[in-house]
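The structure appears below as structure tokens.
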2 protein chains.
Amino acid sequence: MRPNDLAEIRLLPLFSGMQQDCYDRLMLAAYVQNFPKGLTMIRQGDPADFLFILLEGQVELFASWDGHETTMAVLRPMGTFILAATIRDAPYLMSARTLERSRIMMIPSTNLRAIFQEDSAFAMAIIHELAGCYRAVVRHTKGLKLRTSRERIAAYLLRQAHLAGDLRSYFLPVEKRLLASYLGMTAENLSRALKSLEDDGLKVDGSRVILTDPEKLGLVAKLDVLIDGG
Amino acid sequence: MRPNDLAEIRLLPLFSGMQQDCYDRLMLAAYVQNFPKGLTMIRQGDPADFLFILLEGQVELFASWDGHETTMAVLRPMGTFILAATIRDAPYLMSARTLERSRIMMIPSTNLRAIFQEDSAFAMAIIHELAGCYRAVVRHTKGLKLRTSRERIAAYLLRQAHLAGDLRSYFLPVEKRLLASYLGMTAENLSRALKSLEDDGLKVDGSRVILTDPEKLGLVAKLDVLIDGG
DNA sequence: CCTGACACTTGATTTTTGTCAAGGGAATTG
DNA sequence: CAATTCCCTTGACAAAAATCAAGTGTCAGG
């Protein structure tokens, strides 16, 4: 573990309010590991032995059933994942793999569960974090059920533009096939829909996104804070 | 509030571990209300001023966007809803309406937030509950993204049969149009799919469901604990 | 530099799903 | 008891999306 890892992790909302000795004991049991690109480090159905914290790199959460796969989320540093399974001591509902070489901290679930019973500030932070995760999935599900493919794409691209600093041009943070899966469609469908959105103020060249007419695209997306976030 | 309400609520997982005085203070601020059938008591976007507990009746959680509506969940006693919004002091992501005459307890969010900071057993229970809610939405979303309409229907009906005590025949707990919305399809689509499932061991007559060949239906549904629950 | 793997696109086609319209039937209401 | 409302079903049609297949281009590795 690198010396300034501890300092950075300490600042995460999940840990920043903890008592020092609880934090120290939690970190004593933790360790950091490097994973190469494309490695599946969590398989759905496995017992949730660890809480994971992404320090560097990029991770995909995905789910499988009957030979099919779908992307549930893409994570970037710094953030935790699969907190809920850890807490309920239940099997993971999702698998996780690295999209690029990643540095990841692993905290044994037993230690986690023991320590949040002692440290009420930590417990509060977990409550807050879990409530946020819950709301994120609900928003995503609302989008899937209420919007068409084109609308989901338009909303996603406008949202990314906003996150990138309200730019009119930026690069896609993930591969298109992954984006398609995340948005609940096939890669072919995404490809065609992107083309059809050229009539609505969008231009995509490779992974470069250009909002030629953000307002017009907005009429397609109909952004909503209760789906797309604040 | 009825005298034995308090006793019953006390037994809910969320409250059973609480210190008595915290519980008392929480309940002092709470009140019970009767709602007629079909009344929307929560609108998405409104501030989350209350935690709701369904004592009697039936409640639908639904979401709207651009003139469309979709059913997110159907609740039965005894259970809480919209805990996450309450905790984050954020707007409701979903609306709620009664499907039948219902008796509902309302606990002011401010009291809730104050008291779970004092009572660590209550905090633990909230963590557990939230983690469970999170996993429930994830499972539902997995079903929506990975299964076809027919598969979702088959899985739902087998699951209900199991919940009803592994019966080969039972009555649908909700109207078909609601079920269709919950499963992410139109009522027409559900109607046709049910008919097509007659070749796969299912018979539906009005709201009566008959599993003529559960094993065959199981081949369509391909039940999975990581989607359908245990 | 060649090669293979892989991401992406495109076309053709099928399947699935949604939409619109109409009608039956059960339950509720006046 | 009649009238109405609402749920459900069905048919015809349109739209959306998935599938299959082929071809292009990029990139990493030999």
Side-chain angles (χ1 to χ4, degrees), chain A residues 36-38 58 60 65-71 74 97-101 143-154 157 171-200 202-209 220, chain B residues 36-38 58 60 65-71 74 97-101 143-154 157 171-200 202-209 220:
Chain A
K37 174 177 176 173
Q58 203 175 15
E60 175 193 9
W65 177 83
D66 191 39
H68 301 280
E69 261 186 34
T70 190
T71 303
V74 175
R97 72 182 145 220
T98 50
L99 292 175
E100 50 187 66
R101 183 177 158 73
L144 286 171
K145 293 185 78 175
L146 290 167
R147 292 210 260 230
T148 64
S149 292
R150 292 180 94 245
E151 290 163 345
R152 290 200 295 279
I153 295 168
L157 294 177
F171 288 93
L172 285 176
V174 293
E175 289 178 351
K176 286 182 184 166
R177 51 194 293 284
L178 193 78
L179 178 58
S181 175
Y182 176 67
L183 295 178
M185 66 192 76
T186 59
E188 294 95 327
N189 197 351
L190 172 64
S191 192
R192 283 184 252 265
L194 284 176
K195 180 154 291 186
S196 92
L197 283 170
E198 288 185 6
D199 300 334
D200 296 283
L202 179 72
K203 185 80 186 62
V204 177
D205 178 33
S207 71
R208 173 174 218 111
V209 178
V220 177
Chain B
K37 173 176 174 173
Q58 203 176 14
E60 176 193 9
W65 178 82
D66 191 38
H68 301 280
E69 261 187 31
T70 190
T71 302
V74 175
R97 72 182 144 221
T98 52
L99 293 175
E100 50 189 64
R101 183 178 159 73
L144 286 170
K145 293 186 77 175
L146 289 167
R147 292 210 259 231
T148 64
S149 293
R150 293 180 92 243
E151 290 163 345
R152 291 201 294 279
I153 295 168
L157 294 177
F171 290 92
L172 285 176
V174 293
E175 288 177 351
K176 286 182 184 166
R177 51 195 293 284
L178 193 78
L179 178 57
S181 176
Y182 175 66
L183 295 178
M185 66 192 79
T186 59
E188 295 94 327
N189 196 350
L190 173 65
S191 194
R192 284 184 252 264
L194 284 176
K195 180 154 290 186
S196 90
L197 284 170
E198 287 185 5
D199 299 335
D200 296 283
L202 179 74
K203 185 78 186 63
V204 178
D205 179 32
S207 71
R208 172 174 218 111
V209 178
V220 177

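As the structure is a computational prediction, the values presented were derived from the model and not from experiment. Within every chain, numbering begins at 1; the chains are lettered A, B, ... in the order of the sequence lines, protein sequences first and strands thereafter.
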Sugar-phosphate or base contact per nucleotide [nucleotides 3-12 of chain D; S, B, -; heavy atom under 4.0 Å]
----SSSBBB

Readout for nucleotides 25-30 of chain D: B = base within 4.0 Å of protein heavy atom, S = sugar-phosphate only, - = neither; 5' to 3' it is ------

Which residues pass the side-chain contact (heavy atoms from CB on, under 4.5 Å) test with [X], not counting sequence neighbours?
X	result
Lys203(B)	Glu198(B), Ile210(B), Thr212(B)
Thr70(B)	Lys145(A), Leu146(A), Ala63(B), Met72(B), Ser181(B)
Ser207(B)	Phe171(B), Leu172(B)

Which heavy-atom pair separates Val220(B) from Glu151(B) by the least distance, and what is that distance?
O-CG, 3.5 Å

Between atom [atom1] in [X] and atom [atom2] in [N], what is the gap in whole Å?
X	N	atom1	atom2	value
Met185(B)	dT15(C)	CE	C1'	16 Å
Arg150(B)	dT17(C)	CZ	P	10 Å
Lys145(B)	dA18(D)	NZ	C1'	16 Å
Leu146(A)	dG18(C)	CG	C1'	15 Å
Leu183(B)	dT16(C)	CG	P	17 Å
Leu99(A)	dC6(C)	CG	P	15 Å

Please state whether the phosphate of dA17(D), meaning OP1 or OP2, lies under 4.0 angstrom from any side-chain nitrogen or oxygen of Thr186(A).
no

OP1 or OP2 of dT17(C) versus the side-chain N and O atoms of Ser149(B): is any pair under 4.0 Å?
yes

Terminal axis angle for the helix from dC1(C)-dG30(D) to dG30(C)-dC1(D), five pairs an end, nearest 10 degrees
40°

Residues, nucleotides or ligands: over 12 heavy atoms within 6.0 Å of Asp205(B) CG:
no

